[in-house]
Amino acid sequence: DQVTSISQFVQNGILFLNEFRDFVKERAQIEKEYASKIEALAKKYSTKKDKKAVSMSVGDVANTLSEKDFNDAKSDPGTFLNAWTAILEETENVAKERFKFSESLSTVIMERVKTVAIKKEETRKKHIMFAQKLKSDRDKIFNEMQKAKEHYYECCVEAQSSKQKQERAPDERILDKLRKQTLDDVVEMNNSKNMYILSIIRANEHKKKYYYEDLPALIDLLQELNESRIYAMKQIWNEYMDLELNVLRDSKTHLDLACQTIKKTDARTDSQLFIKYNEKSWKDPPDFVFMSSPTFTDTGEFVSDENTHVFLNNQLSKSGRKLPNLILTIEEKRKQIIGLKSLKEAYENNPKLGDFDAVTDNLHEAIREVTILETLRKTCQTEVDSIIQVIGDSETDGQSHNFKNAAFTIPTTCDLCQNTIWGIAKQGFTCKDCGYNCHAKCEMKVPPNCTKRKGELKRGTITSGTFSNIVSPWGTLSGAGAHNRVMDKTISNLSSSSTNDKEEGETWIATVLYDYTADSNDELSVTTGDVITVIEPDDGTGWVKALHNGQDGLVPASYIEYQAEYQTSDSSDYVKVLYDYVAQSPEEISIKEGDVILVTNRDVDEGWWEGTLNGVTGQFPASYVGPLE
């Protein structure tokens, strides 16, 4: 993991382009004055070169090398530094004959060096931004694992509390109610435990991918960038030498010597030289492991009972449906990469065929996109493989419900928990095949028992709960949170059902209509005319998840135009206040009878919603509002 040092090494090489450009500029001015100044200039840069010569080839370790290693690196044939040395020597030899090509130096060489330096630095910054993106994504997955652990611990506490309340029940009526609550808490605890274990597996797989696939690939790109910079410098030097040959044939002997040295320049020589003196040992970070609650002892095994089997089966179905599209997209991208590599090689061998830098940028962009897609595929494949090991490959498409987001303008009973669903926002799901209705929070608990016939339902209920610790069953209990948190924002957004029956995992192409600058790490900056890949359409929030330049983030839905037939639609969810309520904490808002509130979250906590009133967002009691007539 030496991205920083390698990037600095590449940047030093790019900065050298500007140094060479300064050299040409000064030389063009001095050529007009007197030939002796050309000789002085060559000596000046020879001195500068001697001071930092080896650091250009091996990096910052130059100061720590022995005298023998220093001299070996300095004189190593085939390096760009060796060619630069020859140029300075021959410049000093032909100093008196350099008047005539001053104008050519200013109009040709300097502009070419400037263009190459700008392009290479822009490419390096893209690589570094991509490295930061990879690290951010890795840390995000690690943080999500930590959140899953904390949620699981909270569930343990809540379930234990329910058990204690059950033991202290004063009569049979209250005892029955507490038994149901305890059962619900146990089921929630087991599900949260499974998600915690699943997040551990995901984190370990992403860790391996980050250190064994993503970082090596990124370092290869940086190496290729450095070599392409040397290749471009090699071309510029050849043009520079050709100008001298055309102006003064008398200096041909000296210039031929310099050309021969330049032709020996091999971009990989500098890379190998850097590797030789910078290679360091590295130890693989340890895998993440399941950590039991500090209060209760538990094992690192998945919970597998009737209810968790349904939950895991639904998770398996979701992840499994995304895999084919992801694999197909990755295969298409890899074919594109093969074609770009062939085109790049052809342009490298014959620059007249096309723009080498342009095709290289396209190749790097395709590689970055494949890296992001492979991360998504790794997540889905890991979930599928892990769940199959627990419950087997029992997911059946013929029995799974075909859920879509649904708005309930009249009270509707959830076919799973038998509680009421209502509201004009997307508060639940409806199976398009059999008409099964459920809350959004109940979706993953619904058994895959679709009859595929409209109106013929098999209503599922939560029937039992188990503990993973047989010796001490209450050792795994914790508090059920107010609502389930989504573990992986990118993956869950990609897998969410869209309102136009698109396949899960499918992407769309869109054109950016207006410039947008990201205000947070979750958003994506785009420019008018950019073509982006939408990986999650608008779900009613007014935002889409998009991929561009190897990065993904949120973009306003109104700022883009789809190039396919897909078009999103958004809706509002308003309620009317029935009774006055005064806020009791900073998280709440005060409401008055008759106020109209835009509901933004109906799953904040039991009996509480979140909404916006007069530009202020906060929580309020759900029982104090009613539908907007």
Side-chain angles (χ1 to χ4, degrees), residues 137-138 140-142 144-145 148 152 190-210 212-214 287-290 300-334 370-403 443-450 468 484-498 502-507 535-536 545 552:
D137 289 348
R138 181 202 66 182
K140 182 178 180 181
I141 292 174
F142 292 174
E144 289 169 351
M145 177 195 66
Y152 167 62
N190 290 337
N191 289 334
S192 66
K193 176 187 175 183
N194 286 343
M195 291 306 298
Y196 175 31
I197 298 174
L198 196 59
S199 68
I200 293 175
I201 298 175
R202 282 201 307 264
N204 287 329
E205 288 299 322
H206 282 290
K207 174 184 65 65
K208 294 177 182 178
K209 179 177 180 292
Y210 177 79
Y212 285 96
E213 297 178 21
D214 297 347
D287 288 348
F288 297 101
V289 296
F290 173 80
E301 304 295 330
F302 279 95
V303 177
S304 181
D305 59 22
E306 182 177 353
N307 294 312
T308 58
H309 188 282
V310 170
F311 187 92
L312 291 174
N313 191 77
N314 288 333
Q315 187 68 30
L316 173 63
S317 177
K318 274 194 169 186
S319 298
R321 286 196 297 268
K322 289 183 284 186
L323 272 177
N325 287 325
L326 285 172
I327 293 174
L328 179 61
T329 302
I330 290 172
E331 289 178 351
E332 292 176 351
K333 286 291 183 182
R334 291 197 182 281
V370 167
T371 301
I372 295 298
L373 292 172
E374 279 288 0
T375 298
L376 300 179
R377 186 200 63 78
K378 175 69 73 173
T379 297
C380 294
Q381 189 66 58
T382 300
E383 291 184 352
V384 168
D385 293 343
S386 301
I387 295 175
I388 287 178
Q389 290 181 4
V390 178
I391 67 175
D393 191 6
S394 60
E395 193 272 324
T396 304
D397 290 336
Q399 295 179 349
S400 298
H401 288 280
N402 186 12
F403 281 124
E443 177 196 8
M444 297 298 291
K445 303 176 184 179
V446 176
N449 57 3
C450 182
S468 60
N484 290 331
R485 297 291 184 187
V486 179
M487 294 298 104
D488 189 323
K489 182 175 180 182
T490 302
I491 301 303
S492 65
N493 284 343
L494 183 62
S495 64
S496 62
S497 299
S498 63
K502 290 283 185 181
E503 291 292 333
E504 292 192 51
E506 188 173 355
T507 59
I535 58 178
E536 180 199 353
K545 173 77 72 175
D552 63 272

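One-based numbering along the sequence shown. Computed from a predicted structure; not experimentally measured.
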Enquirer: Quick one: closest heavy-atom pair of Ala203 and Met145, and the distance?
Expert: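 Shortest heavy-atom contact: CB-SD, 3.9 Å.
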Enquirer: Roughly how far, to the nearest 0.5 Å, is the OG atom of Ser386 from the CG atom of Asn194?
Expert: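 Going from CG on Asn194 over to OG on Ser386, the span is 11.0 Å.
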Enquirer: Any salt bridge linking Glu374 with Arg377? Criterion: basic side-chain nitrogen under 4.0 Å from a carboxylate oxygen.
Expert: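 Counted as a salt bridge, because a side-chain N and a carboxylate O are separated by less than 4.0 Å.
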Enquirer: Just how far is it from atom CD1 of Ile330 to atom CD1 of Ile372, taken to the nearest 0.5 Å?
Expert: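 Atom-to-atom, Ile330:CD1 and Ile372:CD1 are 11.0 Å apart.
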Enquirer: Decide, yes or no, whether a salt bridge links Glu443 with Lys318 under the criterion of side-chain N to carboxylate O below 4.0 Å.
Expert: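 Looking at Lys318 together with Glu443, the answer is yes, because their closest N to O distance falls below 4.0 Å.
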Enquirer: Can you check side-chain contact (heavy atoms from CB on, under 4.5 Å) on Asp287 and Lys208, steps first, answer last?
Expert: CA-CA 9 Å; Asp287 288 348; Lys208 294 177 182 178; 4.2 Å; yes
Enquirer: Does the side chain of Thr379 come under 3.5 Å of the side chain of His206 through a donor N or O and an acceptor N or O?
Expert: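 Checked: Thr379/His206 side chains pair up, N/O donor to acceptor below 3.5 Å.
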Enquirer: For Glu301 and Ile197, which heavy atoms make the closest approach, and how far apart are they?
Expert: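 Closest pair (atom of Glu301, atom of Ile197, distance): O-CD1, 3.2 Å.
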Enquirer: CD1/Ile387 to CG/Asn313 distance, rounded to the nearest 0.5 angstrom?
Expert: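 Rounded to the nearest 0.5 Å, the CD1-CG separation comes out at 8.5 Å.
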Enquirer: Does a side chain donor of either Asp385 or Gln389 reach within less than 3.5 Å of an acceptor in the other side chain?
Expert: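 Judged by distance alone, the side chains do not pair up.
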Enquirer: As a quick check of understanding, evaluate side-chain hydrogen bond (donor to acceptor under 3.5 Å, both in side chains) for Asn314 and Ser317, giving each step before the final call.
Expert: CA-CA 5 Å; Asn314 288 333; Ser317 177; 6.0 Å; no
Enquirer: Could you pull out the closest heavy-atom pair between Val370 and Lys333, with the gap in Å?
Expert: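 Where Val370 meets Lys333 most closely, the heavy atoms are CG2-CB, 3.3 Å.
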Enquirer: For the residue pair Thr308 and Val303, what are the closest heavy atoms and their distance?
Expert: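 Between these two residues, the closest heavy atoms are OG1-O, 3.0 Å.
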Enquirer: Can you measure from CG (Asn190) to CZ (Phe311) and round to the nearest 0.5 angstrom?
Expert: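 Taking CG in Asn190 and CZ in Phe311, the distance rounds to 11.0 Å.
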Enquirer: Atom CZ in Arg202, atom NZ in Lys378: separation rounded to 0.5 Å?
Expert: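 Going from CZ on Arg202 over to NZ on Lys378, the span is 14.0 Å.
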Enquirer: Evaluate the side-chain proximity of Asn449 to His401: yes if any heavy-atom separation is below 4.5 Å, no if none is.
Expert: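 Heavy-atom side-chain distance check passes, below 4.5 Å.
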Enquirer: Does Phe142 form a side-chain contact (heavy atoms from CB on, under 4.5 Å) with Lys207? I'd like the steps, not just the answer.
Expert: CA-CA 9 Å; Phe142 292 174; Lys207 174 184 65 65; 4.0 Å; yes
Enquirer: For a quick test of reading the model, state the closest non-hydrogen atom pair linking Lys322 to Cys380 and the distance between them.
Expert: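 Answer, listing the atom of Lys322 first, then Cys380: CE-SG, 3.7 Å.
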Enquirer: To the nearest 0.5 Å, how far apart are CE in Met444 and CZ in Phe403?
Expert: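 Output value for this atom pair is 10.5 Å.
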Enquirer: Think Lys193 forms a cation-pi with Phe290, using NZ or CZ under 6.0 Å from the six-ring centre and within 45 degrees of its axis?
Expert: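 Because its charged atom sits under 6.0 Å from the ring centre and within 45° of the axis, Lys193 does stack over Phe290.
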Enquirer: Check whether any side-chain N or O of Ser319 sits under 3.5 Å from a backbone N or O of Glu383 as a donor-acceptor pair, and report yes or no.
Expert: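 Not confirmed, Ser319 side chain does not pair with Glu383 backbone.
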Enquirer: Just wondering, do Ile200 and Val289 contact through their side chains at under 4.5 Å, heavy atoms?
Expert: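 Side-chain contact under 4.5 Å: no.
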Enquirer: Scan Asn204, Thr371, Thr375 and name whichever one has a side-chain hydrogen bond (donor to acceptor under 3.5 Å, both in side chains) with Lys209.
Expert: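 Going through the options one by one, the only one that passes is Thr375.
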Enquirer: To check you understand the geometry: which heavy-atom pair defines the closest contact between Gly320 and Val384, and what is its length?
Expert: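 Minimum heavy-atom separation between Gly320 and Val384: N-CG2, 3.8 Å.
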